[in-house]
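The next block holds one structure in the form of structure tokens; read it before the comments.
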Amino acid sequence: MGKIVRSTNSGKGIEMLSFLIFNVVVLFTQAHDVSTKSETVLTNLDQARAVGGVILSQDVVTNLAVAYLTQLQLNQLSILNHSQGKCAGFERLTATEANQPGVILSNLATADLKIKTLSLAKKTILTWNEDFQKMADLANPNQLQETVAWISSYPSRYNKAPNPNQHVDDLKNRLQQWLQGAKWNFQIETIDHHSTKQKTLRVTIPGKSRPQEVIVMGGHFDSINQGYFSGDLSPGADDNASGSANLIEALKILKNSEQPERTWEFYWYAGEESGLLGSAEISKLAKEQSKNVIAVLQLDMTLFPGSGEHVVGLITDYTSPWLRDILTSINSTYVKARLVDDKCGYGCSDHASWHRQGYHAVTPFEATTSTMNHYIHTEKDVIDTRLSFLHSNSFTKYTVLFALVLGNSDMQPPVF
Ligand code: BES
Ligand code: ZN
């Protein structure tokens with residue numbers, strides 16, 4: 001929002017000078033029998049200064065001012081603007097507006113912000129689709145909570161734990177059940193890795209008309225305890241039972257949608273906490289096989305509303321501007337959370353693996369990195385009142401919409 005600057009000490013000199021000029025001009029105009037009637041107008045700040053008007057209030061961001069100008073000054077302003085091919089360059093204010101010069105500027109600053117937001121939104125390539133909206137709105141915070149409770153009930157999902165695949169095998173079995181009766185065929189498989197004993201789980205829904213074009217949605221299914229004296233419990237409710245559960249819930253909703261034109265691949269990655277292990281191998285193989293992965297959505301931590309409910313961080317490093325723009329459009333068209341750009345400063349999750357291989361990835365995040373959940377990687381990362389399933393529910397919606405929008409369009413990443 002624009003910064004409203006009223007009579008500050010630094011502005012006093014300018015105001016005094018303006019006042020002096022104002023009086024000189026008044027005397028001058030009176031001497032030359034020009035109308036002495038001064039008026040309060042809304043105008044460009046620089047121009048109001050240039051003609052020596054009395055600045056009643058100014059907004060340095062919109063560069064607008066409410067100024068008290070003589071008829072002569074108004075004429076000068078008009079000449080100045082016409083010479084630049086513009087209109088008079090000021091707007092007369094009503095008595096009420098003139099009495100509250102700060103209010104109008106503050107309102108205008110808000111309007112200015114809206115225009116900027118709208119012109120950004122102009123980049124939107126999406127037209128609202130009622131069926132997509134209905135699908136997204138099936139996302140249910142209570143079901144999400146049940147799924148997070150189940151995933152975080154394992155003592156640990158650490159990739160170096162004695163039995164690092166219990167939760168992976170269990171999810172495989174559950175998904176087999178949950179996806180019964182889906183409108184499309186699917187394949188569920190575990191993927192072995194060289195770098196860890198833990199496996200990645202993948203669900204593939206082949207595309208109808210362009211199966212070679214792939215939309216990836218994923219999150220890490222492992223957890224870690226980095227505490228020194230706290231034992232080995234690593235429930236990882238937020239990091240990352242939350243993102244894993246959003247993916248599960250999204251799939252359960254998408255089960256009632258038509259087969260997509262492009263292929264959907266859902267991943268629950270192994271060993272992220274030990275250095276992005278699963279996603280590094282999977283994305284490297286994809287590149288080696290020249291797999292046509294169009295877009296990658298990464299979900300990692302979606303439950304802690306550290307910047308406020310429905311305020312969502314958008315990670316801008318190791319991600320794709322093209323996909324951030326699409327996610328921003330998905331958000332403004334359907335989900336309507338507030339997106340805030342933020343950086344991790346390093347490859348903080350599996351999106352970085354895909355990015356490194358030249359694929360387009362995007363990561364919406366629970367908050368900004370400075371306000372994120374700091375209980376992660378400890379036994380305290382459990383479901384508690386600080387977490388919000390309503391907040392996290394938006395991330396199920398992002399997943400459903402990412403699948404529907406990108407899976408059924410011919411949008412392609414820009415070629416550099
Ligand atoms: N979920 C965390 C961190 C995170 C922060 C992800 C912000 C997404 C946005 C993640 O699981 C993690 O702990 N990553 C490691 C890095 C990895 C290469 C071992 C970290 O941040 O230390
Ligand atoms: Zn994580």
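Whatever order the structure lists ligands and atoms in, that order sets their numbers, starting from 1.
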Between Tyr359 (side chain) and Asn292 (backbone), is there a donor-acceptor pair under 3.5 Å?
no

Atom 9 (C) of ligand 1 [closest protein heavy-atom partner, distance rounded to 0.1 Å]:
Phe365 CE1, 3.3 Å

State whether the shortest distance between N or O atoms of His351 and N or O atoms of ligand 1 falls below 3.5 angstrom.
no

Contact atoms of ligand 1, heavy-atom distance to Met301 under 4.0 Å
1 (N), 2 (C)

Ser274 and ligand 1 - part of the residue with a heavy-atom distance under 4.0 Å
neither

What is the closest protein heavy atom to atom 11 (O) of ligand 1, and at what distance does it sit?
Glu272 OE1, 2.8 Å

Go through the structure and list residues passing side-chain contact (heavy atoms from CB on, under 4.5 Å) with Thr204, not counting sequence neighbours.
Gln187, Glu189, Arg202, Thr263, Glu265

Evaluate the ring planes of Trp354 and Tyr269, with Trp represented by its six-membered ring, and classify them as parallel (under 30°), tilted (30 to 60°) or perpendicular (over 60°).
tilted

For the pair His360 and Trp322, name the ring-plane relationship: parallel under 30°, tilted 30 to 60°, perpendicular over 60°.
perpendicular

So the atoms of ligand 1 within less than 4.0 Å of a heavy atom of Leu276 turn out to be 18 (C)

Using a strict threshold of under 4.0 Å (side-chain N to carboxylate O), is an ion pair present between Glu281 and Lys284?
no

Among all residues two or more places apart in sequence or in another chain, which pass the side-chain contact (heavy atoms from CB on, under 4.5 Å) test with Asp317?
Ile315, Lys343, Cys344

Could you identify the single nearest non-hydrogen protein atom to atom 21 (O) of ligand 1 and state the distance to 0.1 Å?
Tyr346 OH, 2.6 Å

Between Asn408 and Pro260, is there a donor-acceptor pair closer than 3.5 Å when you use the side chain of the first and the backbone of the second?
no

Report the relative orientation of the aromatic rings in His391 and His310; use parallel for angles under 30°, tilted for 30 to 60°, perpendicular for over 60°.
tilted

Sidechain-backbone polar pair: Gln259 side chain, Trp184 backbone, donor-acceptor under 3.5 Å
no

Just need the protein heavy atom nearest to atom 6 (C) of ligand 1, so name the residue and atom and give the distance.
Asp300 OD2, 3.3 Å

What are the protein N/O/S atoms, named by residue and atom, that sit under 2.8 Å from the Zn ion (ligand 2)?
His220 NE2, Asp239 OD1, Asp300 OD1, Asp300 OD2

As an exercise, identify every atom of ligand 1 less than 4.0 angstrom from a heavy atom of Cys344.
7 (C), 9 (C)

Contact check: Ser349 vs ligand 1, nitrogen or oxygen atoms, below 3.5 angstrom:
no

Counting heavy atoms only, which of Gly271, Ser279, Cys348, Gly313 comes nearest to atom 16 (C) of ligand 1?
Cys348

Checking Ser353 now: which residues fulfil side-chain contact (heavy atoms from CB on, under 4.5 Å) with it, not counting sequence neighbours?
Leu276, Ser279, Ala280, Ser283

Is Glu273 touching ligand 1 with its side chain, its backbone, both, or neither, if touching means heavy atoms under 4.0 Å apart?
both

Check whether any side-chain N or O of Asp238 sits under 3.5 Å from a backbone N or O of Asp381 as a donor-acceptor pair, and report yes or no.
no

Identify, by atom number and element, the atoms of ligand 1 in contact range of Gly347, meaning under 4.0 Å from any of its heavy atoms.
18 (C)

Is it possible for you to check whether Arg157 lies under 6.0 Å from the centre of the six-membered ring of Trp268, through NZ or CZ, and within 45° of that ring's axis?
no

Tell me whether Lys397 is salt-bridged to Asp137, with the criterion being a basic N under 4.0 Å from an acidic carboxylate O.
yes

Could you tell me whether His220 approaches ligand 1 through its side chain, its backbone, both or neither, with non-hydrogen atoms closer than 4.0 Å?
side chain

Tell me the protein heavy atom at minimum distance from atom 2 (C) of ligand 1, and give that distance in Å.
Asp239 OD2, 3.5 Å

